[in-house]
Amino acid sequence: MILVFTNTKGGVGKSTLVVHLAVWLFDQGRSVALLETDLLRSCSQWIAEAEPNVTIRTADTPEECLAAAKELTTEHDYVIGDGPGGLDDVSRTLLLLADLAVFPITPSILDLRSVSQATAILRFAQGINAGRPDGRLVLNKMRKRGKTSGELLAAASDLGIGVTKSYVRDLEAYRDAAQQGTVVSRMGARAAQATAEIDALVSELVGIKPRSTAYG
Ligand SMILES: Nc1ncnc2c1ncn2[C@@H]1O[C@H](COP(=O)(O)OP(=O)(O)O)[C@@H](O)[C@H]1O
Ligand SMILES: [Mg+2]
């Protein structure tokens, strides 16, 4: 299965969620590969530190994405693509290869616009590819369900794109995990809330129940 995280805008939590998803699936006994297309390579460095058994490939052109995705899917249960923030050819190629496209989104005014841009590139891929990939918005860096997130949900529903029931709070634990090159589930009790919400989100996205949860 190929899951791709993308957005028209950076800083929304793509890398954070990709690393957490990859390590979560690995911890459930799946074989996992990361396909990194972000030129900063922040995901591959983080995953290499957090879980060296996740395979890492980088790709910078549509041709490289296609070749890497073909090769990785023959050897892994899950290939997780980290898209560059933007609407370029690499993002579009990743979407054409994906089974599921995830668009992390934060509750800011600017992100209301990125919901409609995300939906537009999703529709583009679905139009070429017989309705695939399936697409989901994931609300990240949530403080409390305020006005903006209500507007986001309404915009998403108008545009006909699904929003996951699970959302991710704005928590220090995610920033600490990045700094320490680890994931929240390996940080002990102080990251219990983050661990529980990642469990809920990932099982909702991939349809696997967590084998064991340390907390919550
Ligand atoms: N749920 C969250 N709570 C707190 N900080 C977060 C959360 N998600 C992401 N961040 C922080 O926001 C910044 C951008 O996240 P990142 O995953 O690098 O986004 P992207 O890959 O979309 O550019 C990073 O400093 C990251 O630690
Ligand atoms: Mg990133």
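For ligands, and for the atoms within them, numbers begin at 1 and follow the listed sequence.
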Below 4.5 Å, heavy atoms only, C-beta onward: do [X] and [Y] meet side chain to side chain?
X	Y	value
I2	Y78	no
V115	D111	no
I105	S114	yes
V32	D77	no
V19	E51	no
V4	L100	no
T58	R41	yes

Identity and distance of the protein heavy atom lying nearest [atom]:
atom	result
atom 19 (O) of ligand 1	G13 N, 3.0 Å
atom 3 (N) of ligand 1	L171 N, 3.0 Å
atom 12 (O) of ligand 1	K141 NZ, 2.9 Å
atom 5 (N) of ligand 1	R175 NH1, 3.0 Å
atom 23 (O) of ligand 1	G11 N, 2.7 Å
atom 17 (O) of ligand 1	T16 OG1, 2.6 Å
atom 18 (O) of ligand 1	S15 CB, 4.0 Å
atom 8 (N) of ligand 1	N140 ND2, 3.1 Å

What atoms of ligand 1 come closer than 4.0 angstrom to any heavy atom of [X]?
X	value
V168	1 (N)
R169	1 (N), 2 (C), 3 (N)
K14	17 (O), 19 (O), 20 (P), 21 (O), 22 (O)
D170	3 (N), 4 (C)

>> Would V12 count as a polar contact of ligand 1, with the cut-off being nitrogen or oxygen pairs under 3.5 Å?
In response: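 N/O-N/O distance under 3.5 Å: yes.
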>> If hydrophobic clusters are built by linking Ile, Leu, Val, Met, Phe, Trp and Tyr wherever their side-chain heavy atoms come under 4.5 Å apart, do I208 and M1 end up in the same one?
In response: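 Yes, I208 connects to M1 through the hydrophobic network.
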> Among the clusters formed by ILVMFWY side chains lying less than 4.5 Å apart, do V102 and V12 turn up in the same one?
Replying inline: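 Looking at the clustering, V12 is in a separate group from V102.
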> Are there protein heavy-atom neighbours of atom 27 (O) of ligand 1 below 4.0 Å?
Replying inline: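 Within 4.0 Å of atom 27 (O) of ligand 1, protein heavy atoms are found.
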>> Any N/O/S atom from S15 (main chain or side chain) under 2.8 Å of the Mg ion (ligand 2)?
In response: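 S15 does place an N, O or S atom closer than 2.8 Å to the Mg ion (ligand 2).
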>> Strictly below 4.0 Å, N to O, side chains only: are K14 and D38 in salt-bridge contact?
In response: no
>> Can you tell me which portion of E172 lies within the under-4.0 Å heavy-atom range of ligand 1? Options are side chain, backbone, both, or neither.
In response: neither
> Can E36 and S44 be counted as having a side-chain donor-acceptor contact under 3.5 angstrom?
Replying inline: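 On atom types as modelled, these side chains qualify, holding a pair under 3.5 Å.
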> Would you call M142 a ligand 1 contact, heavy-atom distance under 4.0 Å?
Replying inline: no
